[in-house]
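Take a look at the structure set out below.
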Amino acid sequence: MTSQTVPLVVDERSGFPLLVSPEGAYQVGLLPLTWIQLEYFLSHTSDRRFDALWYQDLLARSARASVATVNATTWAQLFVRGLTLHETRLVGGWWGRERWLLPTEPMWQAIRSWAHSLPAIPALGEALRRVGANPRAIRLIEAVEASTRGKQTEVPSTLAEQMLLDNGVRELVLLNEASGAVGGIGLPHRSLASLASKPLILLSDGNLTRHTEVGFRLFLKA
Amino acid sequence: MSNLECPYCLTPQTFHRGDKCEAEGCGKKVPRQYIELARTKPPIWIVTYGPSQHGKSTLLGSGTFLMERLGIIVPRAFHTYLDEFTSDRIAEIQKGQHKGQGNIGATLLHDTPEPLIIVLKNFPKPKETQLFVIFDLAGEVVDKIVNRVSEDGSRAPVYARAVTKAKTVWFIVSLNDLQKDMIATGTSINRLFFTYTQAMEHLNVPIRDRDILVTYTKADELMSKGAGEEEGLTMPPLIEEYLRDDPYSETGNRKADRPPALDVDDYITQLERVSEELRFFTQDEVTGGSAFVAMAEDSEVNLYFTINSAQGGPSEAGGAMGTEIRRFRVLDPILWTITLSQGSSAAAGTALILPTHGSGKSYSMGLPLALHDALRLYNVHATTYFAGEVREAFGMGMAPVEIVPPERRLALIGPILDRLPRESIVVVLSDEALPLDIDDFADTAWDERLLLFGTDIRVMNARIRWKYQVQSTREVEQITRDFLRQVIP
């Protein structure tokens, strides 16, 4: 594990933190996409598909927790899960159609390996304040850290743990560019233990089907 | 879409179909400049309220004389009269004053008095613009207003609605004449306050935190009297000195020396000092004064005092005598009113967030406009949004009327709050559905600065501090007042 510092930047759309990948090619969400970020999109978009009924339908399948009440069993509900691939493309496109990309499995794994090689960012909340992150983002991230910590021994030691790349929520990745096959990657946290059997699952008909255990992480071209 | 009140009938509307007022019974063409300016900054409504022959129109005559020459004391300042009535009326008042015939300019009683619409540019500071809508009410209004607003089934006359509209009302009183009235009819300064409060009560408008600018006119009649002259009220030496030392008393007169440039901050400090001195004078010397001040304080009305001599004295009135009029401290009421109209910096960026569904009870109860008005009463000029939409629905200070909510939007407030300045105040209105993300703001800095109103009992489930279920528009004003007193120092 090296002691190099990780460049943190702030997403201009929502004020949530992004990490700059090793070669500087990408900016990657520190955490999977949150409901707060999705709500930013919903408050800006003029796409009438994303209306109150659509939101209620999504909520019914994967609940939304409030930062004020989140705890060790509900923290995963801070992250959006259950968007179809088509919706993910529309939502991600709000961050820039030319910038947003759905990571391939190797791309996601490369980020995971890199993050495993780095120590967790110390005093993360302070670091986020210094880069001007959205106060709601800071509060959410601090709440996640507090909720996932459990015992003192579980303090994140690597950046990967801090990013919830392990023990987080499954994330959408592109498995085959030609066929458009997608999968859910990552080992979910034990609060989602029933789904923790495999590190990668193939998602059937991902374009239209909601897989309520799968979220996604922003990958933006730098 | 932005909204503003027609200056002639006071009905809020969008003016998006042109410059003609669409209110029933009005239909007047509203000056384009008024519409454009009012869209960027709310007008300052002024109402002159006082008995007949106490110098209301004379003060306006001298005040506008000075306004027409503001460039002499404030670089690049100038005035514009926005309609023909304003130009003609001011010319008429000034003509009467110059001829020493005050009655020429006297205001006649109408149910629908026309306002004077005046713009001052680069005043009192460079790049500042003031838009005034001034209702110079006839003296008889004081006697008639309570009966007129008490009449069942009829809409209150425009003059009564103007009184309720103005945050700052000018109580115009000639102390010498008031003393005479007291002897002749038993009328004191209390009567003004009594009729004002009665009218407001009948129109269901709270008077708390309104500003009353008591403007003592004909100060020359109270100046130190020579030997042998009759005894009466005598002004405190400090006030007399203040009046005599007015550097702008001869502004615009022929052969007058050029006065010093106006240092507005310094001038306001003097106004505050004089106001305090006049408050003591009123309590100690003016008949009924101590009761008047006590009643106003008890009603939580803000009292300010100013004094002037609009034409220097009876002997100087009338150009025919070859003496030019000296106007002592006629600028003061205008400067006071501008100062009182300025919102607190703590309230900058205030947002009013409305429900996304038009079928809700809050719209049928008229709560959006009631909330907007309640905020404006405290010089808080809110920008209005719909929950779930970051785009402004109504610009800063614009009344939310002709509301078309975006039905498909989600009840979200976070994306709006996150864009506001740090010290902003937010007032949220909800119906059955609470904002989906309201609890995200519990135990945050917003908890002190976010006021949630709901028409449904479920509003009490929100985890934030300031939450209320409301059943009527009247409750809104009191709750808003308590909230603002907490958040605005």
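Below, read A as the first sequence line, B as the second, and so on, with proteins coming before strands; counting in each chain starts at 1. The structure presented is a predicted model; accordingly, all values stated were derived computationally and were not measured.
- Taking non-hydrogen atoms and a 4.5 Å limit, the residue list of residues 427-443 of chain B in contact with chain A, ordered by number, reads L436(B), D437(B), D439(B), D440(B), F441(B), A442(B), D443(B).
- None of F453(B), Y468(B), Y378(B), W466(B) except one satisfies the ring pair (Phe, Tyr, Trp, His ring centres under 6.0 Å) rule with F483(B); the exception is W466(B).
- Interface check for chain A: of the options I416(B), T356(B), D418(B), L417(B), the most heavy-atom pairs under 4.5 Å are formed by D418(B).
- Figure legend: cation-pi geometry between R49(A) and W54(A) absent, as NZ or CZ is not positioned both under 6.0 Å from the six-membered ring centre and within 45° of its axis.
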Q.
side-chain hydrogen bond (donor to acceptor under 3.5 Å, both in side chains) for Q27(A) and R99(A)? Distances and angles first, verdict last.
A. CA-CA 10 Å; Q27(A) 294 174 348; R99(A) 281 193 78 201; 2.7 Å; yes

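- For the 3.5 Å distance criterion, the side chains of D11(A) and S14(A) qualify, holding a donor opposite an acceptor.
- When only modelled atom types and interatomic distance are considered, N71(A) and T73(A) share a side-chain donor-acceptor pair under 3.5 Å.
- For a residue to count as touching a neighbouring chain, one of its non-hydrogen atoms must lie under 4.5 Å from one of that chain's; by this rule R419(B) touches chain A with the side chain only.
- Among G414(B), A387(B), P406(B), A411(B), the residue with the largest count of heavy-atom pairs under 4.5 Å with chain A is G414(B).
- E5(B) and L10(B) make their closest contact through CG-O, 3.7 Å (heavy atoms, listed as atom of the first residue, atom of the second, distance).
- At a heavy-atom separation below 4.5 angstrom, chain B is approached by I36(A), E39(A), Y40(A), L42(A), S43(A) within residues 35-43 of chain A.
- With no hydrogens or angles considered, a side-chain donor-acceptor pair links S157(A) and E161(A) at under 3.5 Å.
- Looking at R139(A), only its side chain comes within 4.5 Å of chain B, counting heavy atoms on both sides.
- The neighbour count for E98(A) CD, taken as heavy atoms of other residues, nucleotides or ligands under 6.0 Å away, does not exceed 12.
- Contact of R409(B) with chain A is made through backbone and side chain together, with heavy-atom distances under 4.5 Å.
- Across A399(B) and F394(B), no two heavy atoms sit closer than the pair O-CD2, 4.0 Å.
- When the shell of 6.0 Å around CZ of R391(B) is examined, it contains 12 or fewer heavy atoms from other residues, nucleotides or ligands.
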Q: Go through the steps to decide whether D447(B) and T444(B) satisfy the test side-chain hydrogen bond (donor to acceptor under 3.5 Å, both in side chains), and finish with yes or no.
A: CA-CA 5 Å; D447(B) 223 1; T444(B) 69; over 6 Å; no

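- Aromatic ring orientation, F216(A) versus W100(A): perpendicular (interplanar angle above 60°, classes split at 30° and 60°).
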